[in-house]
Amino acid sequence: MRRIARLCFIFFTAWRFGLLPLLRDILKPGLRRGFISVLCWASPNADLPRGVRIRLTLEALGPIFVKFGQVLSTRRDLLPEDISDELAKLQDQVPPFSNEESRRLIEAALGQSIEALFISFDASPVASASVAQVHFGVLRATEKHPEWDRRAVAVKVLRPGILPVIEGDIALMYDLAKIIERTSEDGRRLKPRENVAEFDTYLHDELDLMREAANASQLRRYFVNSKKLMIPEMYWDLCHTNVIVMERMEGISIGRTEELRAAGVDFKKLAADGVEIFFTQVFEYGFFHADMHPGNIMISLEPETFGRFISLDFGIVGALSESDKNYLALNFLAFFNRDYRRVAELHIESGWVPANTRVEELEGAVRSVCEPYFDRPLKEISLGIVLMRLFQTSRRFKVEIQPQLTLLQKTLLNVEGLARQLDPDLDLWKTAKPILEKWVSQQLGWRGLLDGLKTEAPSWAKILPTLPRLIAESLAHQPKKEQNLELDVLRALLQQERRTHRLVVGSLLFAGGFLAGMLIIGLGIY
């Protein structure tokens, strides 16, 4: 019953803010008549600009819809300018909750009054988003932390009563996913319920501010010596599930391009640095900031850190396994090298497409999508269109969508949207390729082999001394026939090892002699 009521509220909200006329305009002519036309005729606020109507509707519908608007706001290449400008206000201009409520929540979480904790505290929030809002303050020194004296901090407070709203909307999304799976074979391939479950996890993680603080601390460790990215320090004694206190970071939102340009920021360098930061997070650490809209990204104008990125709001982060990173890096490099056959082979090897898929057919389909976009500046390429065409191709070949990568895909679109605003001429491919080549070399080359040996050395140090005893015990408990068979196998392995050893030693001697000869010739001895 509650879900039906929510559906009615969504429809009523769309009517109240004048969205129904927009829906009518995109319907086929035969569908514009009837009941919806009557509702459109009576719809209030229909005279407001369409961007304002969309923004007000999303704000009224709550956090999930606001987040949807935040994602759309970064896609200025796909949306008209008037709609993009209005949706950009959702990034940090969501209506705040009352100052009194915010003060009550902070004091209850920290166990002290505002006056006891802060020398000064700004009761009016400096930013208000879909899940929380932020206040500025200056800490007092304490007996335990005298170093806190006059530290400028930001205090983030979770919106009260947000959990039931989110859970209601997620329940509706699950119902819709079930309907899609039951009525569409293509829908089942997209795994809608798994994708909703992933979104559900990320949203609930974002409601735990202690998790956000831990995410920020992790990324800060990775980039502590970076000259391109800064991440605030957390004050752990003042962090709780609904309130966290962190270092205040001074900067200008990356969306305020005119102010940044007037300050002398190099946009071309900024765009290239942003791409490098993203790919480093994904492939080197497998842990990336996954909510990269302009409301969460600032640029420092301080003399000692001028032009560096400042990341905020770590409620949503993505994590990739080693196999995910290897697969993605090899795919990206194959794309960058235009090796479409390798792309097709990787999809088949990973099991993302049926095993009986013909490599040549998949190779040709991928080539037809990607080839037209190479050697073009970013301003002439829409990653959204490329992904849409790849999606159409994947449907033909029954590619299974991987839910663990949906967050990465969304973040990649955000990164492209930000880069497009900063430097429309940026070549995304050429900027990312050296980063991926370096990572692949480290992981799959000699350095990766040596690092793997170092990592496994403690385990082997424990296992190797026990091998003779384990072999003896195994032989003692096996029939004679099986013992003889295993001994034959061991003898064969030892003979093979001796042959390999002789071959390696011989190769090294030959290589050493060859290099010595070349050195002597180079020195002019002969």
ask   = Donor-acceptor pair, R308 side chain versus K228 backbone, under 3.5 Å?
value = no
ask   = So, the side chain of T13 versus the backbone of F9: is there a donor-acceptor pair under 3.5 Å, distance only?
value = yes
inquiry  = Return the CD to CD1 distance between E86 and I83, rounded to the nearest 0.5 Å.
reply    = 10.0 Å
message = Restricting to non-hydrogen atoms, name the atom on S113 and the atom on E107 that form the minimum distance, rounded to 0.1 Å.
response = CA-OE2, 3.5 Å
query = When you measure from the side chain of H135 to the backbone N and O of R103, does any donor-acceptor pair fall under 3.5 Å?
reply = no
message = How close do I310 and G251 get, counting heavy atoms only, and between which atoms?
response = CD1-CA, 4.3 Å
query = Any salt bridge between K156 and E212, counting N to O under 4.0 Å?
reply = yes
ask   = Hey, does L110 have a side-chain heavy atom less than 4.5 Å from the side chain of L117?
value = yes
query = For the rings on F223 and F309, is their centre-to-centre separation under 6.0 Å?
reply = no
message = Could you check whether any side-chain heavy atom of L422 comes within less than 4.5 Å of a side-chain heavy atom of I254, counting everything from C-beta outward?
response = yes
query = Hey, what do you get for CZ (R220) to CD1 (I231), rounding to the nearest 0.5 Å?
reply = 8.0 Å
query = Any side-chain heavy atom of M230 within less than 4.5 Å of one from M249?
reply = yes
inquiry  = Is it the case that the side chain of E206 and the backbone of G315 share a donor-acceptor pair, with hydrogens and angles ignored and the cut-off at 3.5 Å?
reply    = no
query = Rounded to the nearest 0.5 Å, how far apart are CG of L260 and OG of S253?
reply = 8.0 Å
ask   = After noting the C-alpha distance and the side-chain angles of F17 and V52, does the key distance pass the side-chain contact (heavy atoms from CB on, under 4.5 Å) rule?
value = CA-CA 9 Å; F17 289 106; V52 175; over 6 Å; no
task = To the nearest 0.5 Å, tell me how far D149 CG sits from L139 CG.
result = 9.5 Å
inquiry  = If you apply the rule side-chain contact (heavy atoms from CB on, under 4.5 Å), what do you find for V265 with L301, and how did you get there?
reply    = CA-CA 8 Å; V265 174; L301 299 184; 3.8 Å; yes
ask   = At what distance, to the nearest 0.5 angstrom, does CD1 of I119 lie from CH2 of W148?
value = 13.0 Å
key: CA sep, side-chain torsions, deciding dist, call: I299, L270, side-chain contact (heavy atoms from CB on, under 4.5 Å)   = CA-CA 9 Å; I299 305 300; L270 204 62; 3.7 Å; yes
request  = Give a yes or no answer on whether the side chain of H240 reaches the backbone of A109 with a donor-acceptor pair at less than 3.5 Å.
outcome  = yes
key: Smallest separation among heavy atoms of A263 and F306, with atom names   = O-CZ, 3.4 Å
ask   = If you take all heavy atoms of P146 and A141, which pair is closest and at what distance?
value = O-CB, 3.6 Å
task = Taking all non-hydrogen atoms of both residues into account, name the closest pair between R256 and E259 and its distance.
result = NH2-OE1, 2.8 Å
key: L320 vs F287 side-chain heavy atoms within contact, under 4.5 Å   = no
Cationic N near anionic O, under 4.0 Å, D82 to R50 = yes
ask   = Would a distance-only check, ignoring hydrogens and angles, find a side-chain to backbone donor-acceptor pair under 3.5 Å from S98 to E101?
value = yes
key: Sole candidate of I114, L238, I106 that passes side chain to side chain contact (heavy atoms under 4.5 Å, CB included) when paired with V155   = I106
message = Are more than 12 heavy atoms, taken from residues, nucleotides or ligands other than E143, located less than 6.0 Å from that residue's CD atom?
response = no
request  = Using atom types as modelled and distance alone, determine if a side-chain donor or acceptor of N242 lies under 3.5 Å from a backbone N or O of L158.
outcome  = no
Step-by-step side-chain contact (heavy atoms from CB on, under 4.5 Å) determination, N99 to S124 = CA-CA 6 Å; N99 297 344; S124 299; 3.9 Å; yes
key: Q281 side chain vs H289 backbone, donor-acceptor pair below 3.5 Å   = yes
ask   = Can you check whether F118 reaches V153 side chain to side chain, under 4.5 Å on heavy atoms?
value = yes
pair R151-Y235: side-chain heavy atoms closer than 4.5 Å = yes
inquiry  = I'd like to check L105 versus P160 (side-chain heavy atoms, cut-off strictly below 4.5 Å). Are they in contact?
reply    = yes
task = Could you go through the salt bridge (Lys or Arg N to Asp or Glu O under 4.0 Å) check for R55 and E59 one step at a time?
result = CA-CA 6 Å; R55 175 177 60 80; E59 285 179 353; 3.2 Å; yes
inquiry  = Does any part of the side chain of F314, heavy atoms only, come nearer than 4.5 Å to the side chain of N296, both counted from C-beta?
reply    = no
query = Can you tell me how far the OG1 atom of T305 sits from the CG atom of L229, to the nearest 0.5 Å?
reply = 11.5 Å
Aromatic ring pairing W15/F12, orientation class (parallel under 30°, perpendicular over 60°, tilted between) = tilted
Mutual orientation of the aromatic rings belonging to Y222 and Y285 [parallel < 30°, tilted 30-60°, perpendicular > 60°] = parallel
query = Cation over ring, R248 on F136, under 6.0 Å and within 45°?
reply = yes
query = Which heavy atom in W236 sits nearest to a heavy atom in S217, and how many Å separate them?
reply = CZ2-CB, 3.8 Å
message = Between the side chains of D423 and K269, is the shortest nitrogen-to-carboxylate-oxygen separation below 4.0 Å, so that they form an ion pair?
response = no
task = Apply the test side-chain hydrogen bond (donor to acceptor under 3.5 Å, both in side chains) to residues R159 and S128: give CA-CA distance (whole Å), side-chain angles for both, the deciding distance (0.1 Å), then the verdict.
result = CA-CA 10 Å; R159 283 182 175 272; S128 180; 3.0 Å; yes
